[in-house]
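Only one structure is covered here, and it is reproduced in the block below.
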Amino acid sequence: MSLSKITFFERFEADILSGKKTITIRDEAEKDYAPNSVVQVSTYENDRWFCALKIQSVDAIAFSQLSEFHAQQENMTLPELKNVIQEIYPDVERLYVISYELIG
Ligand SMILES: CC(=O)Nc1ccn([C@H]2C[C@H](O)[C@@H](CO)O2)c(=O)n1
């Protein structure tokens with residue numbers, strides 16, 4: 001069964017709603033999103049709904065393979081992206097790039 005809900009830290013809400021952030025990078029526990037499915041999005045802090053996203057793809061990636069292209073899609077620099085990921089997922093090498101489209 002694929003996941004139908006995702007949470008983001010509130011600090012990323014504006015970037016998602018403006019279309020500046022079009023991917024998220026998650027660990028094994030949050031990789032089971034089906035391409036073409038619609039997921040409801042809320043804030044991690046208060047579980048406040050703020051949009052729906054259509055999943056485009058889920059692709060495995062090693063932390064060491066993260067590139068400027070991923071950073072651009074996260075609206076960050078590559079060092080910023082690596083820092084954020086290391087804070088959220090310390091010492092996790094195998095990650096998943098979840099690409100999505102804002103649908104409302
Ligand atoms: C809130 C929660 O449960 N987990 C996460 C995990 C990641 N993010 C953001 C941070 C970066 O922009 C990318 C990379 O992981 O996704 C998040 O907001 N919430």
Side-chain angles (χ1 to χ4, degrees):
M1 189 71 177
S2 72
L3 299 170
S4 58
K5 177 177 173 175
I6 192 166
T7 59
F8 284 87
F9 294 112
E10 269 179 5
R11 64 184 191 273
F12 299 117
E13 178 178 354
D15 276 359
I16 295 166
L17 293 178
S18 69
K20 289 180 183 165
K21 177 170 159 54
T22 58
I23 63 167
T24 185
I25 297 169
R26 303 292 169 115
D27 69 358
E28 181 79 28
E30 282 196 279
K31 72 168 174 24
D32 292 326
Y33 290 97
N36 294 318
S37 67
V38 172
V39 300
Q40 302 304 318
V41 184
S42 7
T43 61
Y44 173 75
E45 291 84 350
N46 296 307
D47 201 27
R48 174 178 49 79
W49 181 93
F50 67 92
C51 70
L53 300 175
K54 186 171 183 181
I55 303 297
Q56 292 178 329
S57 56
V58 180
D59 297 301
I61 192 167
F63 179 82
S64 54
Q65 292 178 312
L66 289 173
S67 69
E68 291 289 351
F69 182 58
H70 298 111
Q72 212 175 68
Q73 294 175 94
E74 287 266 15
N75 195 33
M76 294 181 202
T77 65
L78 185 55
E80 280 171 346
L81 176 60
K82 287 186 163 180
N83 281 340
V84 167
I85 290 178
Q86 274 175 334
E87 279 174 18
I88 303 173
Y89 306 116
D91 300 321
V92 176
E93 176 65 11
R94 192 169 176 77
L95 296 162
Y96 297 85
V97 179
I98 300 171
S99 168
Y100 55 78
E101 174 191 350
L102 178 67
I103 58 167

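All ligand and atom numbering here is 1-based and tracks the order in the structure.
- Closest protein heavy atom to atom 15 (O) of ligand 1: I25 O, 2.4 Å.
- Nearest-residue assignment for atom 13 (C) of ligand 1 (options E10, E74, E80; heavy-atom criterion): E74.
- Across all their heavy atoms, L95 and Y89 have their closest contact at CD2-CD1, 4.1 Å.
- The two residues H70 and Q65 have their closest heavy-atom pair at CE1-O, 4.0 Å.
- Proximity of a side-chain donor or acceptor of E45 to a complementary backbone N or O of E10 within less than 3.5 Å is detected.
- Which parts of ligand 1 touch K21 is read off a 4.0 Å heavy-atom cut-off, strictly below it: atoms 11 (C), 12 (O), 13 (C), 16 (O).
- Considering L66, T24, N75 only, the shortest heavy-atom separation from atom 9 (C) of ligand 1 involves T24.
- Taking any N or O of V84, backbone or side chain, none lies under 3.5 Å from an N or O belonging to ligand 1.
- Taken from OG1 in T7 to CZ in R26, the straight-line distance is 6.0 Å, to the nearest 0.5 Å.
- Which parts of ligand 1 touch Y89 is read off a 4.0 Å heavy-atom cut-off, strictly below it: atoms 6 (C).
- Nearest protein neighbour of atom 8 (N) of ligand 1, counting heavy atoms only, is R26 NH2, 3.6 Å.
- At the shortest separation from atom 10 (C) of ligand 1 among protein heavy atoms lies F12 CE1, 3.4 Å.
- Of the protein's non-hydrogen atoms, Y44 CB, 3.3 Å is the one closest to atom 1 (C) of ligand 1.
- Within a 6.0 Å radius of NZ in K54, no more than 12 heavy atoms belonging to other residues, nucleotides or ligands are found.
- The parts of F8 lying near ligand 1 are both backbone and side chain, judged by heavy-atom distances below 4.0 Å.
- Both the backbone and the side chain of T7 come within 4.0 Å of ligand 1, counting heavy atoms alone.
- What sits closest to atom 18 (O) of ligand 1 on the protein, heavy atoms only, is F9 N, 3.0 Å.
- Rounded to the nearest 0.5 Å, atoms CG (N36) and CD (Q56) are 8.5 Å apart.
- Between the side chain of K21 and the main chain of I23, a donor-acceptor pair closer than 3.5 Å is present.
- F50 CZ: more than 12 foreign heavy atoms inside a 6.0 Å radius.
- Within the 4.5 Å cutoff, side-chain heavy atoms of V39 are placed close to those of I55.
- The M76 neighbourhood of ligand 1 comprises atoms 12 (O), with distances under 4.0 Å to a heavy atom of that residue.
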